[in-house]
Amino acid sequence: MNVLLLGSGGREHALAWKLAQSPRLTRLFAAPGNPGIAAHATLVDLSPDDHRAVIDFCRREHIGFVVIGPEAPLVAGLADNLRAVGVGVFGPGKVAAQLEGSKGFTKDLCARENIPTARYERVHALDGARAAVGEFGLPVVIKADGLAAGKGVTIATTAEEADAALVALFDANGAEAVIEEFLEGEEASLFVLTDGTHLLPFGSAQDHKRVGDGDTGPNTGGMGAYSPARVLTPELEQRAIDEIVRPTVQAMARIGHPFQGVLYAGLMLTADGPSLIEYNARFGDPECEVLMPRLDGDLLEILMATDAGTLDAVSAAWREETALTVVMAASGYPGTPDRGGAIGGIGTAEAGGAIVFHAGTADRDGALVANGGRVLAVTATGATVAEAQAAAYRAVDSIDFPTGFARRDIGWREVAREG
Ligand code: AMP
Ligand code: GLY
């Protein structure tokens, strides 16, 4: 089977690394890919936005299966267009991808299905939004409706902050927002594969969204993660599946738009149990970089089963050990990152047992340089989170990336609990 992987980040490098181990794989292509992915795939100059070009490429190279990494092509309907011409694909169609693409769509679905989530109101104009903020009290959570690459959420602790966020939001797109109640608890991410009918739990992780140590500073796409997230106990995971994920999958099937792919549930573990913060319609980045090293088995077979409707016939086995990844970012991130900084020492880090996934790198005349905000995801495994953390930071310290930085405390909650 020839496979085309779409995307260019650390998530896609982790997917390429695992797909390359599949006995079913003949050739792996990646578009646009990155220098790390190039070790496992032939890179193709193809934009995922150009659906016609993707389809033409699939025909020309006899691609049997397309793995879509990021959310934008899903929300744009690329999976539908590929399925329509008979190409297998990992990822939901346009309507099902609204679970990520529209916060309002997801909140309304939760309300209809009695799925635990923060109380909310959809608002379309500044006046209504101000009234809603008044009703919920402080702190209050304000979310832009559409895809926002992790930047669309404000948690306001004062009335002034809330108002400034609302004004900025309605100035920027004038469109739509969700105002919701602030939930207290610890966050965890649960991944569940589905073919529209069957569910296959696919691991858990905990992300670190703030740029600075101790969870300080602005939000990012994620500065590090570990898996499994033991705070999501088997009992809580089962509740999340029974009360949140399964009713969602059933509701999507009922409205004629079954979700096929991975449902990434961002959960708040509240005193009353798991509550849904948000869905994503694709793997997390950097969560994928800690899931793939723990997966035993054939990723390609499993992803193909989400498309074929045969997920009940496959299983996923997970290594007991913890995987932990530390993102090395370019200075300036999450603002404008410095580009072009030299990167060395990856070979040394990997010789010590780590896996260094490329997130934002480029090959400049044979030299590896930074080419994005998040540049590397340095991943290691260990019997405990503390061991995985120590191994990951040994690898980080052997990488020579003078214009980069990393958080030094990835996994801190669980390391403290392991105490
Ligand atoms: P989202 O983009 O919806 O994942 O939101 C980004 C982050 O904002 C989440 O990871 C949470 O840390 C926080 N957040 C979102 N909604 C809530 C909520 N209702 N209560 C508390 N924190 C929230
Ligand atoms: N790490 C968060 C995300 O992928 O959305």
Side-chain angles (χ1 to χ4, degrees), residues 7 9-12 14-15 69-72 74-75 97 99-107 110 115-121 132-133 136-157 162 165 169 177-191 203-211 215-227 229 262-272 274-292 325-327 329 333-334 357 359 373-374 377 407 410 413:
R11 165 182 51 214
E12 288 78 21
L15 291 171
E71 60 274 20
L74 298 170
V75 171
L99 286 176
E100 172 162 5
S102 167
K103 309 246 184 225
F105 175 91
T106 299
K107 296 297 282 192
C110 287
I115 291 171
T117 189
R119 286 186 301 117
Y120 74 105
E121 201 166 315
V133 162
F136 284 113
L138 296 168
V140 68
V141 183
I142 298 167
K143 300 183 174 182
D145 187 69
L147 289 185
K151 289 175 187 150
V153 177
T154 302
I155 296 173
T157 49
L169 212 131
V178 171
I179 311 291
E180 64 181 51
E181 161 199 24
F182 178 78
L183 296 175
E184 306 236 19
E186 186 165 338
E187 286 179 61
S189 303
L190 172 64
F191 298 85
S204 65
Q206 194 172 54
D207 189 9
H208 298 60
K209 287 206 170 85
R210 303 296 192 108
V211 75
D215 295 327
T216 54
N219 262 321
T220 70
M223 293 299 291
Y226 67 92
S227 171
V262 62
L263 257 186
Y264 156 2
L267 302 172
M268 188 69 85
L269 305 179
T270 73
D272 299 327
S275 180
L276 181 72
I277 297 176
E278 63 159 356
Y279 275 128
N280 294 305
R282 36 93 193 157
F283 283 113
D285 192 350
E287 290 88 338
C288 195
E289 291 94 305
V290 287
L291 290 179
M292 292 305 123
T325 192
V326 177
V327 168
Y333 182 74
F357 294 117
R374 294 186 292 174
R407 275 182 64 162
I410 300 304
R413 281 193 183 77

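All residue numbers refer to positions in the sequence shown, counting from 1. Every number for a ligand or one of its atoms is a count from 1 in the order of the listing.
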Distance under 4.0 Å to a non-hydrogen atom of [X]: what atoms of ligand 1 satisfy this?
{"X": "E180", "value": "16 (N), 17 (C), 18 (C), 19 (N)"}
{"X": "K209", "value": "10 (O)"}
{"X": "K103", "value": "1 (P), 2 (O), 3 (O)"}
{"X": "I277", "value": "3 (O), 15 (C), 16 (N)"}
{"X": "V141", "value": "16 (N), 17 (C), 18 (C), 19 (N), 20 (N)"}
{"X": "K143", "value": "3 (O), 15 (C), 16 (N)"}
{"X": "A118", "value": "19 (N)"}

Residue part near ligand 1, for M268, under 4.0 Å between non-hydrogen atoms
side chain
May I ask you to identify, for I155, whether its side chain, its backbone, both or neither come under 4.0 Å of ligand 1 on a heavy-atom basis?
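Near ligand 1, I155 shows its side chain, while the N, CA, C and O stay back.
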Please tabulate, line by line, the atom pairs linking an N/O of ligand 2 to a protein N/O at a distance below 3.5 Å, with the distance in Å to 0.1, or answer 'none'.
residue	atom	partner	partner atom	Å
ligand 2	1 (N)	D207	OD2	2.9
ligand 2	1 (N)	G221	O	2.9
ligand 2	1 (N)	D285	O	2.9
ligand 2	1 (N)	E287	OE1	2.9
ligand 2	1 (N)	E287	OE2	3.2
ligand 2	4 (O)	R282	NH1	2.8
ligand 2	4 (O)	D285	N	2.9
ligand 2	5 (O)	R282	NH1	3.2
ligand 2	5 (O)	R282	NH2	3.0

Under 3.5 Å between any N/O of L183 and any N/O of ligand 1: does that happen in this structure?
yes
In plain terms, say whether E180 and K103 are close enough for a salt bridge, that is, a side-chain N and a carboxylate O under 4.0 Å apart.
no
Between the CG atom in L183 and the CG atom in D272, the distance rounded to the nearest 0.5 Å is 9.5 Å
Working to the nearest 0.5 Å, report the span between CZ of F191 and CG of L263.
11.0 Å
Judged by modelled atom types alone, do Y279 and E100 share a side-chain donor-acceptor pair under 3.5 Å?
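Per modelled atom types, Y279 and E100 side chains form no pair under 3.5 Å.
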